[in-house]
Amino acid sequence: MSDEASADETRPQSSPPPEPDASTADPAPPDPLAKLAEERDRLKDQLLRTAADYDNFRKRSRKDVDDAERRGKEDVVREILPVLDNLERALEAAATLAPDASAKEVGGLVEGVKMVFRSFEDQIARMGLAKVKTVGERFDPSLHDAIQMVETDEQPAGTILKEIVAGYLLGEKLVRPAMVVVARKPPASA
């Protein structure tokens, strides 16, 4: 034998390359339209969930505001009910007075009504309600409503002479302006 034949025998024989198996083959690239449709569906679902969450939040917030408003009203009513009870008692006492009641009996009734009024003032002060200062003060259109002007030399122009209806502040917020009579300088005599 020749040297070439023995070299062929000692060389490893190469086998033909294996045929690709269907299970190990690279998958086909994903369809771009399918990928976009999947992302669209995911975003649409996320949007619907967010919209539903927002709607639930809005409803819950509105309910919380309504509940707080109701509780606030209940608290105010609870605070002034004793005053209402006392006024009712005063009216009942006034009804029992005979037309020829003595000054002492009428004076007692008046004193009782004054006590109820002071009780009411105490209750509203605890709630933070305060009267707007008027008589002797300078007219302030943000606190006062001038319903009449009176010419006078006794007070400087713009001074409040009389309070017709009390005004009230709740903290810093004006609840109702005071209706007042304001001094005005008389016209100069000719």
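In the hydrophobic clustering of this structure, Phe117 does not group with Val110; members are Ile, Leu, Val, Met, Phe, Trp, Tyr whose side-chain heavy atoms approach within less than 4.5 Å, directly or through other members. Side-chain heavy atoms closer than 4.5 Å link hydrophobic residues (I, L, V, M, F, W, Y) into clusters, and following such links, even through other members, never connects Val135 to Val132. In terms of hydrophobic clustering, with Ile, Leu, Val, Met, Phe, Trp and Tyr side chains grouped at heavy-atom distances under 4.5 Å, Phe120 and Val175 are assigned to a common cluster. No continuous path of hydrophobic side-chain contacts links Val182 to Leu143 [ILVMFWY only; heavy atoms under 4.5 Å]. Val180 and Tyr168 fall into different hydrophobic clusters, defined by Ile, Leu, Val, Met, Phe, Trp and Tyr side-chain heavy atoms under 4.5 Å apart, directly or through other members.
Separation of atoms CG (Asp31) and CG (Leu36) is listed at 9.0 Å; rounding is to 0.5 Å. Leu174 contributes atom CG, which lies 10.0 Å from atom CZ of Arg176 (distance to the nearest 0.5 angstrom). Between atom CG of residue Asp53 and atom CZ of residue Arg60 there is a gap of 8.5 Å, rounded to the nearest 0.5 Å. Within the model, atoms CG of Leu43 and CD of Gln46 stand 6.0 Å from one another, a figure rounded to the nearest 0.5 Å. Atom NZ of residue Lys133 and atom CG of residue Leu169 lie 10.5 Å apart, to the nearest 0.5 angstrom. For the atom pair CG (Asp122) and CZ (Arg118), the distance works out to 9.0 Å, reported to the nearest 0.5 Å.
Between Lys131 and Ala166, the closest heavy-atom pair is CE-CB, 3.8 Å. The shortest non-hydrogen separation linking Ala90 to Leu109 is O-CD1, 3.4 Å. Closest non-hydrogen pair, Lys185 versus Glu151, comes out as O-CG, 4.4 Å. Smallest separation of non-hydrogen atoms from Ala183 and Pro156: CB-O, 3.6 Å.
The backbone N or O of Met115 sits nowhere less than 3.5 Å from a side-chain atom of Ser119 that would complete a donor-acceptor pair.
Residues satisfying the side chain to side chain contact (heavy atoms under 4.5 Å, CB included) criterion with Gln123, sequence neighbours excluded, are Glu79, Val83, Arg126. For Arg49, the salt bridge (Lys or Arg N to Asp or Glu O under 4.0 Å) partners two or more places apart in sequence, or in a different chain, are Asp45. Taking Asp67 as the reference, Lys63, Arg70, Arg71 meet the side chain to side chain contact (heavy atoms under 4.5 Å, CB included) condition, with sequence neighbours excluded. With sequence neighbours excluded, no residue forms a salt bridge (Lys or Arg N to Asp or Glu O under 4.0 Å) with Arg138. Residues passing the side chain to side chain contact (heavy atoms under 4.5 Å, CB included) test with Asp153, sequence neighbours excluded: Pro186.
Cluster note: Met179 groups with Ile147, Val150, Leu161, Ile164, Val165, Val181 through ILVMFWY side-chain heavy atoms spaced under 4.5 Å, whether in direct contact or through intervening members.
In this structure, Lys73 pairs ionically with Glu69, as a charged nitrogen and a carboxylate oxygen lie closer than 4.0 Å.
More than 12 non-hydrogen atoms from other residues, nucleotides or ligands lie less than 6.0 angstrom from CD of Glu121. Within a 6.0 Å radius of CD in Glu154, no more than 12 heavy atoms belonging to other residues, nucleotides or ligands are found.
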Worked check of salt bridge (charged side-chain N to carboxylate O under 4.0 Å, His left out) between Asp75 and Arg78 | CA-CA 5 Å; Asp75 291 345; Arg78 197 173 295 114; 3.0 Å; yes
Step-by-step side-chain contact (heavy atoms from CB on, under 4.5 Å) determination, Asn86 to Arg89 = CA-CA 5 Å; Asn86 288 334; Arg89 287 185 197 104; 2.6 Å; yes
